[in-house]
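Worksheet: one structure, shown below.
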Amino acid sequence: MNVALVFAGGAGIRMNSKAKPKQFLELNGKEILVYTLEVFEKHPEIDKIVVVCLEDWIDYTKKLIKRYELEKVVSVVKGGKNTQESQYIGLREIASWNKKDVIVLIHDGVRPLIDFDTITRNIEGVKKYGSAITVTEAIETIVYVDQDETMNDVIDRKKCRMAKAPQSYYLKDVLEVHHRAISDGNLEYIDSACMMQDYGIKIHTVEGNEDNIKITTPKDFYLFRAILEAKENSQIWGIN
């Protein structure tokens, strides 16, 4: 079984949106979260979807799921106080089904430009290597800096990748590491890949789509709109 665990828990502070969290902002009358969920809904290898959501927006999320007929979404659960706790809550929800050999794809609700090929590569990567972290090539020079903001070293860009999402594992493996981290009092991991690596799990990478941006700021939203319009126009004119 392949399950998408999608997070819709951000408050959208950097988006400067006072009315709605960023995942519920609309483009062409459709919420960002819905764009994201629809890709997983339509992918033939995704069996179920679990959404982790801000408590005050759970009912609204459920209305969206019903309106857009997202039949693979089987659970909407309240998130925790940070990313790590929210992931753990979602993983425990999936574990409660008592299904064996579950592959879980952990994804941000505000990455709506995820594509079928990246999802497929994640599933194949877990089956072959036990893990799959979506990455793209680093296209800028990356430098180390000292405390006084002077450059200390330049990293070889050819050896660097930008970590994105999904980040995918067998459910039993990622849950075991979560339990270990909680037991050790390590409760502030920003993503599952960092946590898994710290606990000695070898992480395999898969190439992702550079368009798969995370919408965090107003600039990201406008970029999302431009990319979506470009894709729609290419289809209209038969370019793709």
Side-chain angles (χ1 to χ4, degrees), residues 1-12 20-26 30-112 114 116 118-120 122-123 126 131-132 134 165-179 181-182 187 189-193 195-196 214-215:
M1 176 183 289
N2 304 316
V3 182
L5 180 56
V6 178
F7 289 89
K20 291 182 179 180
K22 56 191 176 183
Q23 57 272 24
F24 299 111
L25 295 178
E26 297 179 15
K30 184 187 296 185
E31 292 75 8
I32 292 173
L33 176 62
V34 174
Y35 280 100
T36 304
L37 293 175
E38 283 184 334
V39 182
F40 289 100
E41 174 77 21
K42 295 174 183 176
H43 194 287
E45 293 186 75
I46 295 297
D47 300 298
K48 294 183 179 182
I49 303 169
V50 171
V51 179
V52 179
C53 185
L54 292 166
E55 183 175 12
D56 291 344
W57 288 84
I58 288 177
D59 288 342
Y60 183 76
T61 300
K62 289 180 176 179
K63 290 178 182 177
L64 292 178
I65 291 165
K66 184 176 181 180
R67 181 193 309 166
Y68 289 97
E69 299 180 344
L70 300 169
E71 297 178 355
K72 290 183 181 179
V73 180
V74 295
S75 299
V76 180
V77 296
K78 180 181 74 172
K81 63 179 180 293
N82 58 26
T83 298
Q84 183 179 342
E85 185 177 5
S86 294
Q87 286 190 7
Y88 181 60
I89 290 169
L91 293 169
R92 287 187 61 185
E93 169 69 14
I94 300 168
S96 70
W97 305 340
N98 294 317
K99 299 290 185 180
K100 293 183 179 180
D101 299 325
V102 175
I103 291 175
V104 57
L105 293 82
I106 301 172
H107 192 70
D108 304 303
V110 287
R111 286 191 189 272
I114 179 66
F116 272 26
T118 301
I119 293 172
T120 299
N122 269 259
I123 294 170
V126 175
S131 64
T134 306
Q167 298 183 353
S168 308
Y169 317 91
Y170 282 111
L171 175 64
K172 57 182 176 58
D173 294 338
V174 66
L175 256 183
E176 178 185 350
V177 174
H178 266 278
H179 291 150
I182 292 170
L187 307 175
Y189 282 105
I190 60 172
D191 66 16
S192 58
M195 181 180 66
M196 297 291 274
K214 184 176 182 181
I215 300 176

Verdict with reasoning, Phe7 to Val51, per side-chain contact (heavy atoms from CB on, under 4.5 Å): CA-CA 6 Å; Phe7 289 89; Val51 179; over 6 Å; no

Contact between [X] and [Y] at the side-chain level, heavy atoms closer than 4.5 Å - yes or no?
X: Lys30; Y: Glu38; result: yes
X: Lys48; Y: Trp97; result: yes
X: Ile46; Y: Ile123; result: yes
X: Lys172; Y: Lys100; result: no
X: Lys78; Y: Ile58; result: yes
X: Tyr60; Y: Pro21; result: no
X: Glu85; Y: Leu187; result: no

Which pair of non-hydrogen atoms, one from [X] and one from [Y], has the smallest distance, and what is that distance?
X: Glu93; Y: Ser75; answer: OE2-OG, 2.8 Å
X: Ile89; Y: Gly80; answer: CD1-N, 3.7 Å
X: Gln84; Y: Met195; answer: NE2-SD, 4.2 Å
X: Gly79; Y: Val52; answer: CA-CG1, 3.4 Å

Donor-acceptor pairs are to be reported for all side-chain atoms of residues 101-111 against protein atoms at under 3.5 Å, with residues two or more places apart or in another chain.
{"from": "His107", "atom 1": "NE2", "to": "Arg111", "atom 2": "O", "distance (Å)": "3.0"}
{"from": "Asp108", "atom 1": "OD2", "to": "Arg111", "atom 2": "NE", "distance (Å)": "2.8"}
{"from": "Arg111", "atom 1": "NH1", "to": "Asn212", "atom 2": "O", "distance (Å)": "2.8"}

Could you check whether any side-chain N or O of [X] sits under 3.5 Å from a backbone N or O of [Y], counting only pairs where one atom can act as donor and the other as acceptor?
X: Gln87; Y: Asp191; answer: no
X: Tyr169; Y: Ala193; answer: yes
X: Ser168; Y: Ser131; answer: no
X: Asn2; Y: Asp47; answer: no

Within 6.0 Å of CD in Glu45, more than 12 heavy atoms from elsewhere: yes

Trace of the side-chain contact (heavy atoms from CB on, under 4.5 Å) decision for Ile190 with Thr83: CA-CA 6 Å; Ile190 60 172; Thr83 298; 6.0 Å; no

Rounded to the nearest 0.5 Å, how far does [atom2] of [Y] lie from [atom1] of [X]?
X: Ile32; Y: Glu26; atom1: CD1; atom2: CD; answer: 9.5 Å
X: Thr36; Y: Ile215; atom1: OG1; atom2: CD1; answer: 7.0 Å
X: Ile65; Y: Leu37; atom1: CD1; atom2: CG; answer: 6.5 Å
X: Lys72; Y: His43; atom1: NZ; atom2: NE2; answer: 8.5 Å
X: Ile119; Y: Ile114; atom1: CD1; atom2: CD1; answer: 5.0 Å
X: Leu64; Y: Arg67; atom1: CG; atom2: CZ; answer: 5.0 Å

Aromatic Phe116 / basic Lys42 pairing, under 6.0 angstrom, 45° off normal: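 The answer is no; the distance or angle limit is not met.
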
Aromatic plane relationship, Trp57 with Phe24 - under 30° parallel, 30 to 60° tilted, over 60° perpendicular: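 Ring orientation, 0 to 90° scale: parallel.
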
